[in-house]
Amino acid sequence: MLRLAFLFSIIFAHMSFTSPLQGTEQTLSIIKPDGVAGNHIGEILSRFEKNGLRIAAMKMTRLSKNQAEEFYSVHRDRPFFEGLTTFMSSGPIVVTVLEGEDAIKKNREIMGATDPAKAVKGTIRADFASSVQNNAVHGSDAPETAKTEISFFFDKDEILR
Ligand code: UDP
Ligand code: MG
């Protein structure tokens, strides 16, 4: 009996982690090696929180060149792939799952355009990016990519509420 209760509590705990609350969405954010090296972790995370996004998971890690190539595999045939994956594996990164209403779009707005020269004033990239490549943050671009990108970095039980 006790064992059964234990089993159910595990299953329930597992359900209450993982998926976003109803009406909310999850997205993957990365503070790239330039953002970490520039000491901007706190400032960048506080922008997410101030804009109503909740940090549901977080880790600091470093990608190998192979892992960076796997993460950015959609861009494999682009001319910037080699530079991008060398850069992304050049130092520690901070990876978070952000949760909130319209989180994917909201995060992209807070980030600003890929090219910092085109990013709206007050966005992360306008304030902290130094080039199109070294542009401080990554953010998922759609629900399907958010799902794969989140599971690239996090197990289900590392996403918390
Ligand atoms: N990138 C680059 N040169 C380019 C376009 C993109 O180095 O001409 C890099 C940049 O770091 C960018 C990443 O590749 O953030 C992924 O490109 P994407 O077009 O998906 O931009 P994002 O979604 O990050 O705004
Ligand atoms: Mg992208």
Side-chain angles (χ1 to χ4, degrees), residues 18-21 23-156 158-159:
T18 68
S19 46
L21 286 172
T24 70
E25 198 172 56
Q26 290 175 344
T27 187
L28 187 89
S29 162
I30 304 177
I31 304 178
K32 295 184 178 183
D34 59 329
V36 173
N39 262 1
H40 302 309
I41 297 172
E43 175 99 21
I44 290 172
L45 294 180
S46 83
R47 290 185 183 204
F48 299 142
E49 294 191 321
K50 281 177 185 153
N51 283 281
L53 293 173
R54 187 181 75 82
I55 296 169
M58 175 157 71
K59 67 174 69 165
M60 189 167 190
T61 185
R62 183 173 173 157
L63 293 175
S64 67
K65 180 73 159 62
N66 278 342
Q67 288 171 320
E69 287 170 0
E70 191 189 336
F71 182 78
Y72 276 116
S73 59
V74 286
H75 296 307
R76 201 182 299 108
D77 299 327
R78 310 287 288 279
F80 58 81
F81 184 69
E82 181 55 31
L84 171 64
T85 53
T86 298
F87 162 62
M88 285 302 291
S89 55
S90 68
I93 57 175
V94 172
V95 194
T96 56
V97 174
L98 303 176
E99 184 177 289
E101 207 176 304
D102 241 348
I104 296 170
K105 187 164 153 258
K106 190 181 272 182
N107 179 42
R108 303 274 320 180
E109 282 167 9
I110 300 165
M111 289 163 60
T114 310
D115 179 353
K118 294 178 188 149
V120 172
K121 207 166 157 264
T123 60
I124 293 170
R125 281 165 164 173
D127 291 346
F128 302 118
S130 53
S131 68
V132 180
Q133 178 188 276
N134 296 24
N135 58 1
V137 279
H138 166 85
S140 309
D141 61 7
E144 268 318 300
T145 43
K147 220 174 182 175
T148 19
E149 290 181 358
I150 288 169
S151 62
F152 185 91
F153 286 101
F154 296 100
D155 292 333
K156 282 193 189 309
E158 291 178 302
I159 302 167

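For ligands, and for the atoms within them, numbers begin at 1 and follow the listed sequence. All values below come from the heavy atoms of this structure, side chains included, with hydrogens, waters and symmetry mates left out.
- Between R47 and D127 a salt bridge is recorded (basic side-chain N to carboxylate O distance below 4.0 Å).
- Considering backbone and side-chain N/O of T114, one or more are found under 3.5 Å from N/O of ligand 1.
- Every atom of ligand 1 with a heavy atom of N135 under 4.0 Å away is listed here by number and element: 10 (C), 11 (O), 12 (C), 15 (O).
- Contact annotation: for E82 versus ligand 1, there are no heavy atoms closer than 4.0 Å.
- Residue contacts with ligand 1, taken as heavy atom pairs separated by less than 4.0 Å, involve L84 solely via side-chain atoms from C-beta onward.
- Only side-chain heavy atoms of H75 come within less than 4.0 Å of ligand 1; its backbone N, CA, C and O stay farther off.
- Residue K32 has at least one heavy-atom neighbour below 4.0 Å for each of these atoms of ligand 1: 10 (C), 11 (O), 12 (C), 15 (O).
- Among protein heavy atoms, the minimum distance from atom 5 (C) of ligand 1 is reached at F80 CE2, 3.5 Å.
- The contact set between ligand 1 and V132, taken as ligand atoms under 4.0 Å from a residue heavy atom, comprises 2 (C), 3 (N), 4 (C), 5 (C), 8 (O), 10 (C), 11 (O).
- Contact check on E82 versus R76 returns no salt bridge, with no Lys/Arg side-chain nitrogen under 4.0 Å from an Asp/Glu carboxylate oxygen.
- K121 places no side-chain N or O within 3.5 Å of a backbone atom of A126 that could act as its donor or acceptor partner.
- Under 4.0 Å is where a charged nitrogen must lie from a carboxylate oxygen, and between K59 and E158 at least one such pair does.
- Atom 24 (O) of ligand 1 has its closest protein heavy atom at R125 NH2, 3.0 Å.
- Judged purely by atom type and a 3.5 angstrom limit, R62 uses its side chain to pair as donor or acceptor with the backbone of S89.
- Of all heavy-atom pairs between I104 and A142, the closest is CD1-C, 3.6 Å.
- With ligand atoms numbered from 1 in the order given, ligand 1 contributes 22 (P), 23 (O), 25 (O) to contacts under 4.0 Å with heavy atoms of R108.
- Annotation: cation-pi pair K32/F87 absent, no NZ/CZ under 6.0 Å from the ring centroid and within 45° of its normal.
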